[in-house]
Structures are given as structure tokens and as C-alpha cells.
Amino acid sequence: MEDAAAPNSGSEFNPGARRGKSIDECQDMIQRSFRNPIVKFLMEQMEKSGCRVGDNFVKAVVCTGPVAGGYTKGRGITVCSNYLTIQDEVNQVVIHELIHAYDECRAKNLDWTNCAHHACSEIRAGHLSGDCHFKRELLRGFIKLRGHEQECIKRRVLKSLRGNPYCSEVAAKDAMEAVWDTCYNDTKPFDRAP
């Protein structure tokens with residue numbers, strides 16, 4: 001059993017969620033996520049960009065911190081089996097983390113210790129993965145009819161950056177605001193936000 005502490009970039013854990021699955025059950029769910037059209041598209045785009053996605057690129061692990069998963073440069077994507085219970089959660093984590101992996105593949109010089117780089121990838125992952133769709137926010141207990149998506153993305157970006165030892169609270173907020181427009185409007189590899 002592998003234990004994952006804090007990956008470079010992590011998907012937010014829903015504290016109201018039930019306890020998760022075994023590693024084997026989660027690994028089966030990861031395999032099913034590869035049939036999701038968005039997951040398939042992102043993996044194809046990474047391959048087209050010259051970044052090989054090997055058999056062990058996405059793996060289930062037991063995590064020590066309250067995160068759903070993460071992406072670590074050179075190691076791939078971890079999905080926290082002990083915090084996920086349903087297929088939709090696994091799909092969301094895989095999509096979110098594949099966007100980080102795509103960003104790294106595309107940028108080549110992405111530096112996770114740089115708050116602006118990290119913020120940009122989190123903005124893109126939040127916007128393009130569907131993490132902040134209205135129904136997901138409603139299930140988390142955030143009820144707002146207008147502007148919920150951008151507010152959700154900002155909240156989740158700051159939460160992720162809090163886990164980056166190179167980003168103070170002020171630096172994280174400043175970095176997010178500085179790159180917001182450019183990164184929110186960057187929908188690559190999609191033509192528009194799915």
C-alpha cells in the first residue's frame with residue numbers, strides 16, 4: 001500500500017463525504033474513468049503534445065491528508081481511495097489532475113514553487129474540470145445563483161495554494177488575481193470550457 005501525503009497540486013476533499021474505497025476498488029474506478037469522454041480527450045491531447053501517459057500514470061493510494069487526489073511532476077496522478085466513494089468523484093479527480101498534467105506537458109517550464117504558475121493551473125483545472133458546476137457546489141452546501149462558478153474556483157485555488165509551502169496567504173491571493181483573466185480564459189486543449 002502506498003501512502004501519499006501532499007501532492008504538488010491537489011483536488012479539494014469534501015469533508016462531508018463518507019469514508020472511501022479500498023485501493024483495489026478505487027483502481028477499478030480509475031480504469032472505468034478512462035472511458036469518460038473528457039478523460040479520453042485529455043489523455044489523447046497529452047499524447048499528441050509528446051507526453052506519454054503510461055499504465056501507472058494514474059494510481060489509487062491511501063492518503064494521509066484530506067485531499068481527493070493530486071498530481072506530482074514526474075510521478076503522475078494519485079487518487080485518494082480512502083476519501084472517494086462514487087465513480088463521479090473519481091472521474092472528477094482524474095479530470096482535474098489531468099489538466100494539471102497537461103499544463104505541465106504544454107508549458108515545459110511550469111514551476112510549482114512559483115505561486116503564479118500554481119495558481120494558473122488551479123484556475124484552469126477548476127474551470128475546465130467542472131469542479132465548480134452549480135450542482136457540485138449545491139452538494140457542498142454553497143448556494144448562490146449568480147457568480148458561483150468563479151467564486152468557487154477562487155475559493156478552491158486559494159485552498160490549494162495554502163498547501164504550497166512557497167506561497168504565503170498574501171502571495172497566493174496576489175498571484176491568483178494577477179493571472180486570473182489569462183488563465184480563466186485559457187481553455188486549451190478544449191475549444192471552450194466543457
Side-chain angles (χ1 to χ4, degrees), residues 1-14 17-108 110-112 117-118 120-133 136 153 156-157 159-161 163-164 187-190 193-194:
M1 238 187 236
E2 186 175 345
D3 184 37
N8 286 347
S9 171
S11 295
E12 181 178 311
F13 165 64
N14 178 358
R18 301 172 306 279
R19 282 316 251 188
K21 300 286 186 184
S22 71
I23 287 180
D24 288 339
E25 289 170 319
C26 187
Q27 200 61 51
D28 288 343
M29 294 168 89
I30 289 168
Q31 291 303 311
R32 283 194 296 277
S33 78
F34 294 157
R35 294 191 297 255
N36 176 291
I38 295 174
V39 170
K40 283 169 76 170
F41 176 76
L42 286 166
M43 291 176 83
E44 289 166 5
Q45 293 303 307
M46 285 190 62
E47 294 279 347
K48 284 181 183 174
S49 297
C51 296
R52 189 174 177 285
V53 180
D55 292 341
N56 288 328
F57 189 73
V58 183
K59 55 188 161 288
V61 298
V62 172
C63 296
T64 56
V67 295
Y71 169 71
T72 304
K73 180 179 183 171
R75 296 180 74 192
I77 294 170
T78 54
V79 178
C80 299
S81 65
N82 52 317
Y83 289 113
L84 302 175
T85 57
I86 61 174
Q87 186 65 48
D88 183 63
E89 292 171 330
V90 172
N91 293 350
Q92 278 306 119
V93 170
V94 171
I95 291 167
H96 180 104
E97 301 308 333
L98 276 171
I99 291 166
H100 291 313
Y102 175 82
D103 284 349
E104 182 145 52
C105 173
R106 175 175 76 141
K108 304 293 183 210
L110 194 148
D111 177 3
W112 293 103
H117 289 197
H118 188 169
C120 186
S121 190
E122 289 295 343
I123 291 165
R124 286 177 33 74
H127 181 53
L128 301 175
S129 69
D131 285 343
C132 290
H133 283 165
R136 291 186 198 290
I153 293 168
R156 293 169 65 93
V157 166
K159 183 171 184 174
S160 181
L161 289 177
N164 184 333
T187 61
K188 297 273 190 259
F190 304 99

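Reckoned from all heavy atoms, side chains included, excluding hydrogens, waters and symmetry mates.
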Do any N or O atoms from the side chain of Asn82 and from the backbone of Val62 form a donor-acceptor pair under 3.5 angstrom? no

Nearest-0.5 Å distance, CG of residue Leu128 to NE2 of residue His96: 10.5 Å

What are the two closest non-hydrogen atoms of Thr187 and Ala193, and how far apart are they? CG2-N, 3.7 Å

Output all residues satisfying side-chain hydrogen bond (donor to acceptor under 3.5 Å, both in side chains) with Asp28, sequence neighbours left out; order by chain, then residue number. none

Checking side chain to side chain contact (heavy atoms under 4.5 Å, CB included) against Val90, which of Gln27, Met29, Glu25, Arg32 comes through? Met29

To the nearest 0.5 Å, what is the distance between CH2 on Trp112 and NE2 on His100? 5.0 Å

Donor-acceptor pairs under 3.5 Å, side chain of residues 37-50 to any protein atom, not counting sequence neighbours: which ones?
unit_1, atom_1, unit_2, atom_2, d
Glu47, OE2, Val53, N, 3.0
Ser49, OG, Gln45, O, 3.0

Output all residues satisfying side-chain hydrogen bond (donor to acceptor under 3.5 Å, both in side chains) with Asn91, sequence neighbours left out; order by chain, then residue number. Gln87

Distance (rounded to the nearest 0.5 Å) between Leu98 CG and Ser33 OG: 8.0 Å

Is it true that a side-chain atom of Ser81 and a backbone atom of Val61 form a donor plus acceptor pair closer than 3.5 Å? yes

For Arg106, check salt bridge (charged side-chain N to carboxylate O under 4.0 Å, His left out) against everything at least two apart and list the hits. Asp103, Asp186

Non-hydrogen atoms of Ile77 and Val94 that approach each other most closely: CD1-O, 4.3 Å

Sequence neighbours left out, what passes disulfide (SG to SG under 2.5 Å) with Cys26? Give chain and number order. none

Testing the basics here: between Ser160 and Glu122, what is the closest heavy-atom pair and its distance to 0.1 Å? OG-OE2, 2.8 Å

Please answer whether the main-chain N or O of Ser129 pairs with a side-chain N or O of Gln92 as donor and acceptor at a distance below 3.5 Å. yes

Under 3.5 Å, is there a donor-acceptor pair between the side chain of Asp111 and the main chain of His117? no

Beyond-backbone contact of Arg156 with Asp131, side-chain heavy atoms, under 4.5 angstrom: yes

Quick one: does any side-chain atom of Glu89 pair with a main-chain N or O of Thr85 as donor and acceptor, under 3.5 Å? yes

Indicate the ring-plane relationship of Tyr71 and Phe57, choosing parallel, tilted or perpendicular according to the 30° and 60° boundaries. tilted

Let me confirm one number: the CD1-CD1 distance from Ile30 to Ile23, rounded to the nearest 0.5 Å. 9.5 Å

So CD of Gln31 and CG of Asp55: to nearest 0.5 Å the spacing works out to 8.5 Å

Point-to-point distance, once rounded to the nearest 0.5 Å, from OG1 of Thr72 to CD of Glu97: 8.5 Å

